[in-house]
Amino acid sequence: MRILLIHANSFSFHVTGETSVALPAELDKAGSEGNVDEALVAFMAAEKGDDKNIASVADQVVQEILRLTSQLGTQNVVVYPYAHLSSLLSSPRVAVKLLDEIYSCLKSKNELLVVMRAPFGYYKAFEISCKGHPLSELAKTITPTTGAEKEGAEEESEAIKAEKSLESEWVIMAPGEKSAYYGPAEDFPFKKRPNLKKLFKYEESGTRTSDQPPPHIELMRRMELVDYEPGSDPGNFRWYPKGQLIKRLAETYVSNLITQYGGMQVETPIMYDYQHPKLHSYLQRFPARQYVLLSDEKEYFLRFAACFGQYLIQHDMQISHNHLPSKLYELTHYSFRREQSGELAGLKRLRTFTMPDLHTLAKDVEQAKEEFVRQVDLAIQCMEGFGLDFEVAIRLVKDFADGNKAFVEDLVSRCGRPALIELWEERFFYFVAKLEFNFIDALDKAACLSTVQIDVENPQRFDITYVDDKGNKQYPLLLHASISGSIDRVLYAMLEAQALRMKKGKKAQFPFWLAPVQLRIIPVSEKFDQNCKDVFTKIPYRIDYDDRDISMGRKIREAEKEWVPYILVLGAKEAADGHLSVRTRDGAQRKMAISELLAEIESRMTGKPFLDLPLPKYVSRRPIFIG
RNA sequence: GCCAGCGUAGCUCAGCAGGUAGAGCUACUGAUUUGUAAUCAGUGGGUCGGGGGUUCGAGUCCCUCCGCUGGCUCCA
């Protein structure tokens, strides 16, 4: 940062126009004009590199100014952004941050000082009368210090700070029993719900220990689904054909559920103006760190969810009360969160992920609760489709909980299991109610999948309105819902669930509709090549043919290792009687006609999407992605 | 981001008294034509995560960067 300090008899300025980096918020903070007698005027320009340690730069500037004001015996200071001091300017965001930091720091360090700040990003006219004594003109270059104390909290949002001071009360509510708030959660008889106990401990204690990596990481690679990509930022994965197939199927399944329910599918940009006033204040309310990128001088952040894109659409929509409830839906390819590197964990926690994001506008609390319940039902259906068990957590602001007991009871009974309920005295976040489905993994850790929330903040922030039956504009309530949770995380949960099965000595398997290879034909010898090819064309599912020159035993072993649900062995006997020898994952070997097999498969596929085999149909033609 | 551990062939791993790298699987070639979880033989394959240093000599010791995993923290 460059600073030019001038001790002036008098100083005044007024805004004459906007530059390309003007921010309306600056005028609120600094005003569009000002004048002062007898002051130290600090012209300053933030430079590239200052962002490495904003606090250190600000601190040095403040020290410099304080030293000089005490030497000069003046109590008036003007903080004046003046780009012309440098030809290597920082981004506007950093500059504003520095100005704010310097401004507030000056005031807090010396309460007697009267500090005036001029707005950043505007053309300004100024008049100055320099005193001209030896100390009255001083120019300095300030560089950030590096090393031990780096500016860690710099990007911390208000929500992250708030969360740290959050105090919660935990209770358990069981289904079916009226107003069955079981006092403190510790007293709940957890014997029948060991996973709920794990969730409670996980949430309440905040401590989680494990001496081993999560098993899904090995599985995601061994099954050739997903892998790390060293050529990208950590937490950005590559998807191999089998993984990509599962992902696409899962996405299609969730999207179908949502659009059938009435979600109107849209697509919105993945990056947004960092200085957009509405978005900026929203960022402050969401506890996530962003990727920031530059386009010319402007900074953009990559979205952490589809929220803003949809809010901006909803802001522009003409909505009458007759249109409500109104639902916008997007499957985010992708959402980005710059998680701290130590927070990343396989498919459980990524920096780039895919998530179904549904936003529902409701005209009143009754309608909001009605849709909330329907969305919870959808989430339950979704978990069943993925074959996942889950534990329910409901987080409520106490006022809302007290006023809506029947609603909460209804939610719990629909979920059909006792739920962990977290109660907050005050509303720290943008929602008053949030329901989550948590998955408990092989290491007893919890991960949130589906979630539905009632947002009471963002319609106002984004000026989303509808017209009521009297012709007046009203703010709707807003439901956020991620019916399945992140798709990546769904795969994590499915793999962890299989790791748990294997731990108990059972065979792992994907839900049939998601198995990358659903059937494999194995010939007893090459002689039955043509028979295999014939069967192959009669089965319209993801079937492949192991035509490699290796033993049959080996082929069966490898098909088992790939979790293939149906292994069809074809030799002389089958060629003779036209039946199939069907080996399934329960260990059974059945003699079946093709029609019988097809009927069985059909019943397992109902209501689920289908996509073709994403690999060569002949196993001998198939490259290996991971050892 | 901080602290700790780890990084050797495509995969899983051995080698650590500092002396110039090894096994199994895979791949490739050949033999074999097989009845429900591994047929036999042969041949390839490595800037020991990157960079720097100590040493006559470094996979091995030191520094640094990158990545992964665990903890803190955080979350879809």
Side-chain angles (χ1 to χ4, degrees), chain A residues 148-156 159-160 163-164 203 206-214 217-218 221-222 224 227-235 286-289 304-306 332 334-357 434 436-439 443 445-451 453 480-490 492-493 507 522-529 549-562 564 567-574 581-584 587-589 623-627:
Chain A
E149 43 155 24
K150 283 205 177 145
E151 176 57 291
E154 189 233 315
E155 288 292 347
E156 200 163 75
I160 291 178
E163 226 171 27
K164 289 180 177 165
E203 290 292 332
T207 60
R208 31 222 70 169
T209 48
S210 171
D211 49 355
Q212 40 191 325
I217 292 177
E218 194 203 323
R221 305 188 67 239
R222 200 172 80 205
E224 294 196 309
D227 205 353
Y228 298 109
E229 176 48 75
S232 182
D233 194 44
F286 198 91
R289 296 168 177 83
F304 52 77
T332 67
Y334 293 94
S335 292
F336 303 86
R337 296 186 189 178
R338 235 194 65 82
E339 308 292 6
Q340 300 183 70
S341 56
E343 293 167 355
L344 300 169
L347 283 171
K348 184 184 181 190
R349 198 96 188 274
L350 300 169
R351 277 184 173 165
T352 297
F353 58 98
T354 299
M355 181 175 71
D357 211 350
K434 179 186 188 195
E436 295 171 1
F437 288 172
N438 285 274
F439 174 80
L443 302 175
K445 297 191 184 188
C448 180
L449 292 171
S450 312
T451 176
Q453 305 159 13
H480 293 249
S482 186
I483 296 301
S484 64
S486 114
I487 301 295
D488 319 72
R489 197 173 269 186
V490 165
Y492 139 84
K507 281 188 190 174
I522 295 177
V524 169
S525 86
E526 267 174 32
K527 286 177 225 155
F528 306 103
D529 184 61
D549 181 19
I550 55 175
S551 73
M552 191 193 75
R554 179 82 176 281
K555 291 179 185 179
I556 288 171
R557 176 179 153 81
E558 292 190 11
E560 290 282 358
K561 284 174 70 181
E562 284 180 50
V564 176
I567 299 171
L568 313 178
V569 175
L570 205 156
K573 282 183 264 173
E574 290 74 20
S581 170
V582 180
R583 176 180 165 126
T584 44
Q589 265 183 57
I624 290 161
F625 289 93
I626 305 176

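What separates CD1 of A:Ile624 from P of B:C25 is a distance of 14 Å, to the nearest Å. Per the geometry, NZ belonging to A:Lys573 stands 14 Å off C1' belonging to B:U34, to the nearest Å. Atom CZ of A:Arg222 and atom C1' of B:A37 are 13 Å apart (whole Å). When rounded to the nearest whole Å, the span between CG of A:Asp549 and P of B:U26 equals 13 Å. B:U36 atom C1' lies 8 Å from atom CD1 of A:Ile522, rounded to whole Å. Between the CD1 atom of A:Ile567 and the P atom of B:A38 there is a distance of 12 Å, rounded to whole Å. Between A:Arg338 atom CZ and B:C75 atom C1' the separation is 15 Å, expressed in whole Å.
Base pairing analysis places B:U36 opposite nothing; no Watson-Crick or G-U wobble pair with both distances below 3.5 Å involves it.
Taking side-chain N and O atoms only, A:Arg221 has a distance below 4.0 Å to OP1 or OP2 of B:U12. Within the structure, a side-chain polar atom (N or O) of A:Lys445 is placed less than 4.0 Å from OP1 or OP2 of B:G71. In this structure, A:Ser341 reaches the B:G1 phosphate: one of its side-chain N or O atoms is under 4.0 Å from OP1 or OP2. Between B:U39 and A:Arg554, a contact under 4.0 Å exists linking OP1 or OP2 to a side-chain N or O.
Nucleic acid contact for A:Lys434: sugar-phosphate only, since backbone atoms but no base atoms lie under 4.0 Å from a heavy atom of the residue. Nucleic acid contact class of A:Asp488 (heavy atoms, under 4.0 Å, all strands): none. Contacts of A:Pro214 with the nucleic acid, taken as non-hydrogen atoms under 4.0 Å apart, involve only primed sugar atoms and P, OP1 or OP2. No engagement by A:Pro230 is indicated, since no non-hydrogen atom pair under 4.0 Å with the nucleic acid exists. Residue A:Ala559 is classed as having no contact, given no heavy-atom separation below 4.0 Å to the nucleic acid. Counting non-hydrogen atoms under 4.0 angstrom, A:Gly553 reaches the backbone sugars and phosphates but no base. Counting non-hydrogen atoms under 4.0 angstrom, A:Gly485 reaches the backbone sugars and phosphates but no base. Among the atoms of the strands shown, only primed sugar atoms or phosphate atoms (P, OP1, OP2) are found under 4.0 Å from some heavy atom of A:Gln212. Across all strands shown, A:Lys527 has heavy atoms under 4.0 Å from sugar-phosphate atoms exclusively, and none from any base.
Between the side chain of A:Ser581 and the base of B:U36, at least one donor-acceptor pair of N or O atoms lies under 3.5 Å. Below the 3.5 angstrom threshold, one finds a donor paired with an acceptor across the side chain of A:Arg489 and the base of B:C75. On a pure distance criterion of 3.5 Å, a polar donor-acceptor pair joins the side chain of A:Glu574 and the base of B:G35.
By the 5.5 angstrom centroid cut-off and the 30-degree plane limit, A:Tyr228 is classified as not stacked against the base of B:G67.
Only the C1' atoms considered, B:U39 is 9 Å distant from B:U34, to the nearest whole Å. Taking atom C1' in both B:C72 and B:C11, one finds a spacing of 33 Å when rounded to whole Å. Between B:U73 and B:A17, the distance separating the two C1' atoms is 43 Å to the nearest Å. Nucleotides B:G5 and B:G44 place their C1' atoms 35 Å apart, quoted to the nearest Å. Across B:G59 and B:A21, the matching C1' atoms stand 8 Å from one another, rounded to whole Å.
Note that the CD1 atom of A:Ile556 and the CZ atom of A:Arg583 stand 5.5 Å from one another [nearest 0.5 Å]. We find the CD-OG1 distance between A:Glu339 and A:Thr352 to be 10.0 Å, quoted to the nearest 0.5 Å.
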When you look at A:Cys448 and A:Asn438, which way does the side chain to side chain contact (heavy atoms under 4.5 Å, CB included) test go after all the steps?
-> CA-CA 4 Å; A:Cys448 180; A:Asn438 285 274; 3.7 Å; yes
